[in-house]
Number of protein chains: 2
Amino acid sequence: MSLRHALLGLLAQGPASGYDLLKVFEISLANVWPATQSQVYAELARLADADLVKVAAGGPRGRKEYSIAERGLAELRHWLTEVEPARTGRSEMLLRVFFLGQTHPDQARGYLRREAEVAERQRERLAALKQVVEREESDLSVYGRLALEWGLRFSAMQREWAEWAGGQIGGGVGPEPADPSGPVALSDPAGPQGDRGHPS
Amino acid sequence: MSLRHALLGLLAQGPASGYDLLKVFEISLANVWPATQSQVYAELARLADADLVKVAAGGPRGRKEYSIAERGLAELRHWLTEVEPARTGRSEMLLRVFFLGQTHPDQARGYLRREAEVAERQRERLAALKQVVEREESDLSVYGRLALEWGLRFSAMQREWAEWAGGQIGGGVGPEPADPSGPVALSDPAGPQGDRGHPS
DNA sequence: TTTATCATGTAAGGAGTTACATGATTCG
DNA sequence: CGAATCATGTAACTCCTTACATGATAAA
């Protein structure tokens, strides 16, 4: 139920319409908590229904201005300080890594190289944003900067890991004979496979 | 649709029942792609229906043994090499960071300190697992190791960031007067807020 | 006047979670 | 015999995505 809290958090910084909030999701929260138009409008309606926000209808073109209510602020603070964050990460990127043995080493290396490149582009984008933010003496709060720094560190880590990982694969760099049907092909009858690593 | 590919990936390593696969999800893929019992059984049925896997019914107690079909293997390889990974990360942890200005600096620091501790425990757990894996001369494929290493690097990064971030907050370490209703309280009428950082 | 932007909603479906429900077999 | 484990499924609900649908106002 974190979309709810994202909306409360934004409304705690000042009143806004669904449309306004949507913009913030696109520009600013896109990489932390993406949300679609459908979702935002629906959740705002629920929030108003639960008296966590107040609505002032009647702006220019059907515009509704939402502002946080006492109960909403209380809920936000409760969530921030007393609710244990869910850490159920899903990573399509890592899921693929587990099964990369099903491809040629060359393809596995290619996959990791592309990941390294994507991470590097991301890092550069954030580094540029950081420059802008620092130069402009900031609209951006301390906390926004912390998130930005997380992104920088994450993308640097990701790039370094992907480069290292690419180097770990096989010895052969040129084309090698394909191994017949997988990496180790554990098809023992005694149930499937032993333990595997579990990161994050 | 990655649960589908996770199942195909596991079945590519050898036949298994839904129950077997569930175990793998609990032990091994839990941190990369968690899945529940409901989900696994339902998806296996769909997979069989689409002829991506074959079923051999009739084990001891209603046990059904699934094995990957040609089409399934083709789909798996296609996904691994030709489908661009979705990078839509959601992070409850970072979402909170954005709104930490709604609490006392002390509480914000507390939050980040707890995150650092959680990350450190995670790191230790993975480091221990790495030792085991290295000592046992490994059932764990090269690729499992790559994922494990990712987890180690990620949790180290997370811990370092959280410690650094805690230090960035306020100057005051003792109790400070609460600021009335938020950090900067951008309640300007000219639409909501400027740009904010967007990490990963 | 046409186009872009502002502004809000609904509907259908996929994916995930939690809870319920049932029964067979093995081990102590 | 009773408990643990093996083994499979269904139902209800929440959350998210994609697509459809509509209309007002501001700027060129």
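Protein chains get the first letters and strands the later ones, always in sequence-line order, with residue 1 at the start of each. Worth knowing before you read on, the calculation uses all heavy atoms, side chains too, and leaves out hydrogens, waters and symmetry mates.
A/L44 has its CG atom 14 Å from the P atom of C/dA7, to the nearest Å. Whole-Å rounding puts the B/W33 CH2 to C/dT17 P distance at 10 Å. Between A/D20 atom CG and C/dA7 atom P the separation is 6 Å, expressed in whole Å. In this structure, CG of B/L21 is placed 13 Å from P of D/dG9, rounded to the nearest angstrom. As rounded to whole Å, 12 Å separates atom P of D/dT5 from atom CD of B/E26. Distance, B/F25 CZ to C/dA15 P: 14 Å, rounded to whole Å. One interatomic measurement links the two molecules: OH of A/Y66 to P of C/dT8, which rounds to 7 Å at whole-angstrom precision. In this structure, A/L22 places its CG atom 11 Å from P of C/dA7, rounding to the nearest Å.
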So which protein N/O to nucleotides 17-24 of chain D N/O distances come out below 3.5 Å?
| from | atom 1 | to | atom 2 | distance (Å) |
| --- | --- | --- | --- | --- |
| D/dT17 | OP2 | A/Q39 | OE1 | 3.3 |
| D/dT17 | OP2 | B/R90 | NH2 | 3.3 |
| D/dT18 | O4 | A/S38 | OG | 2.6 |
| D/dA19 | N6 | A/S38 | OG | 2.9 |

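Between A/Y19 and C/dC6 there is a side-chain N or O to OP1 or OP2 distance below 4.0 Å. For B/K23 and D/dT5, the shortest distance from a side-chain N or O to OP1 or OP2 is not below 4.0 Å. An OP1 or OP2 oxygen of D/dG9 is reached within less than 4.0 angstrom by no side-chain nitrogen or oxygen of B/Y41.
Interatomic distance, CD of A/Q37 versus CD of A/E26, reported as 9.5 Å (0.5 Å rounding).
Remark: A/K54 does not engage A/E70 in a salt bridge, criterion side-chain N to carboxylate O under 4.0 Å. At a threshold of 4.0 Å, the pair B/R159-B/E163 counts as salt-bridged, since one of the basic side-chain nitrogens sits closer than that to a carboxylate oxygen. Taking 4.0 Å as the cut-off between side-chain N and carboxylate O, B/D20 and B/R63 count as a salt-bridged pair.
For the helix from C/dT1-D/dA28 to C/dG28-D/dC1, the terminal axes (five pairs an end, C1' atoms, rotation from four pairs onto the next four) enclose an angle of 20°, given to 10 degrees.
Legend: salt bridge (charged side-chain N to carboxylate O under 4.0 Å, His left out) pairs involving residues 33-47 of chain B, not counting sequence neighbours, sorted by first then second residue: B/R4-B/E43, B/E43-B/R46. A ring-ring contact (aromatic ring centres under 6.0 Å, His included) check over residues 8-66 of chain A, counting only residues at least two apart or in different chains, returns nothing.
Aromatic ring orientation, A/W79 versus A/H5: parallel (interplanar angle below 30°, classes split at 30° and 60°).
Residues that satisfy the side chain to side chain contact (heavy atoms under 4.5 Å, CB included) test with B/E124, not counting sequence neighbours, are B/E120. With sequence neighbours excluded, the residues satisfying side chain to side chain contact (heavy atoms under 4.5 Å, CB included) with A/R113 are A/E117.
Mapping B/G18 and A/M1 onto DNA chain D by nearest heavy atom places B/G18 closer to the 5' end of the strand.
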